[in-house]
Amino acid sequence: MDRLREHTWLPEDLNLGQPYFFLHGNRELYLQNISRATHYCDNLIKLQSKTMNISVSGCKLCIAYYRGDEMKIVGKIEKLELSL
């Protein structure tokens with residue numbers, strides 16, 4: 001597996017299953033390496049990855065898509081919390 005990681009273009013944290021996210025302003029959040037959603041309502045979304053829990057709080061939150069281990073959350077994002 002280490003040889004495979006050395007020869008791929010992907011960042012090492014993605015290869016190791018670490019969550020990867022990109023926050024675009026306070027309206028869109030793109031995530032990868034997400035295992036599952038554990039709570040979902042319009043003001044709080046809780047997610048699990050292999051290594052941590054992620055909480056997104058705000059207003060009018062919506063999961064725009066969830067495919068495989070990728071997700072996009074839209075709405076007014078007020079707080080993003082990561083916990084081990």
Side-chain angles (χ1 to χ4, degrees):
M1 186 64 153
D2 289 330
R3 281 187 186 172
L4 180 63
R5 271 190 237 125
E6 290 174 9
H7 297 290
T8 61
W9 60 270
L10 295 172
E12 186 174 335
D13 53 347
L14 283 179
N15 286 325
L16 296 174
Q18 296 291 324
Y20 175 81
F21 57 91
F22 175 77
L23 183 61
H24 186 250
N26 69 336
R27 297 289 179 176
E28 296 178 330
L29 177 62
Y30 299 89
L31 302 116
Q32 288 183 308
N33 286 335
I34 298 301
S35 300
R36 66 186 185 128
T38 59
H39 180 84
Y40 176 40
C41 67
D42 67 346
N43 62 357
L44 179 64
I45 299 174
K46 292 184 178 184
L47 309 168
Q48 276 186 337
S49 76
K50 292 179 182 177
T51 58
M52 68 178 61
N53 297 314
I54 302 166
S55 295
V56 182
S57 55
C59 300
K60 298 182 182 177
L61 297 176
C62 177
I63 297 175
Y65 69 80
Y66 186 16
R67 292 183 211 116
D69 68 345
E70 297 181 12
M71 180 182 289
K72 178 182 176 183
I73 298 173
V74 296
K76 185 179 178 189
I77 299 167
E78 296 173 349
K79 188 184 340 182
L80 179 63
E81 293 182 62
L82 309 174
S83 60
L84 300 176

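In this chain, residues are counted from 1 in sequence order.
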Is there a path of hydrophobic side-chain contacts, each under 4.5 Å between heavy atoms of I, L, V, M, F, W or Y residues, that connects [X] with [Y]?
| X | Y | value |
| --- | --- | --- |
| Ile63 | Leu44 | no |
| Ile77 | Tyr66 | yes |
| Leu31 | Leu23 | yes |
| Ile34 | Leu84 | yes |

*Answer yes or no: is there a side-chain heavy-atom contact under 4.5 Å between Lys60 and Asp42?*
no
*Considering only Ile, Leu, Val, Met, Phe, Trp and Tyr, and joining two whenever side-chain heavy atoms are under 4.5 Å apart, list the other residues clustered with Tyr65.*
Phe22, Tyr30
*side-chain hydrogen bond (donor to acceptor under 3.5 Å, both in side chains) between Gln18 and Thr51, intermediate numbers included*: CA-CA 6 Å; Gln18 296 291 324; Thr51 58; 3.3 Å; yes
Between [atom1] on residue [X] and [atom2] on residue [Y], distance to nearest 0.5 Å:
| X | Y | atom1 | atom2 | value |
| --- | --- | --- | --- | --- |
| Leu82 | Asn53 | CG | CG | 9.5 Å |
| Lys76 | Leu61 | NZ | CG | 11.0 Å |
| Arg36 | Ser49 | CZ | OG | 11.5 Å |
| Asp69 | Asn33 | CG | CG | 5.0 Å |
| Glu81 | Met52 | CD | CE | 13.0 Å |
| Ile45 | Ser55 | CD1 | OG | 10.5 Å |

*Can you spot which of Val56, Ile54, Leu80 makes a side-chain contact (heavy atoms from CB on, under 4.5 Å) with Ile73?*
Val56
*asked:* Using every non-hydrogen atom in the two residues, find where Lys50 and Ser35 come nearest and quote the distance to one decimal.
replied: N-OG, 3.5 Å
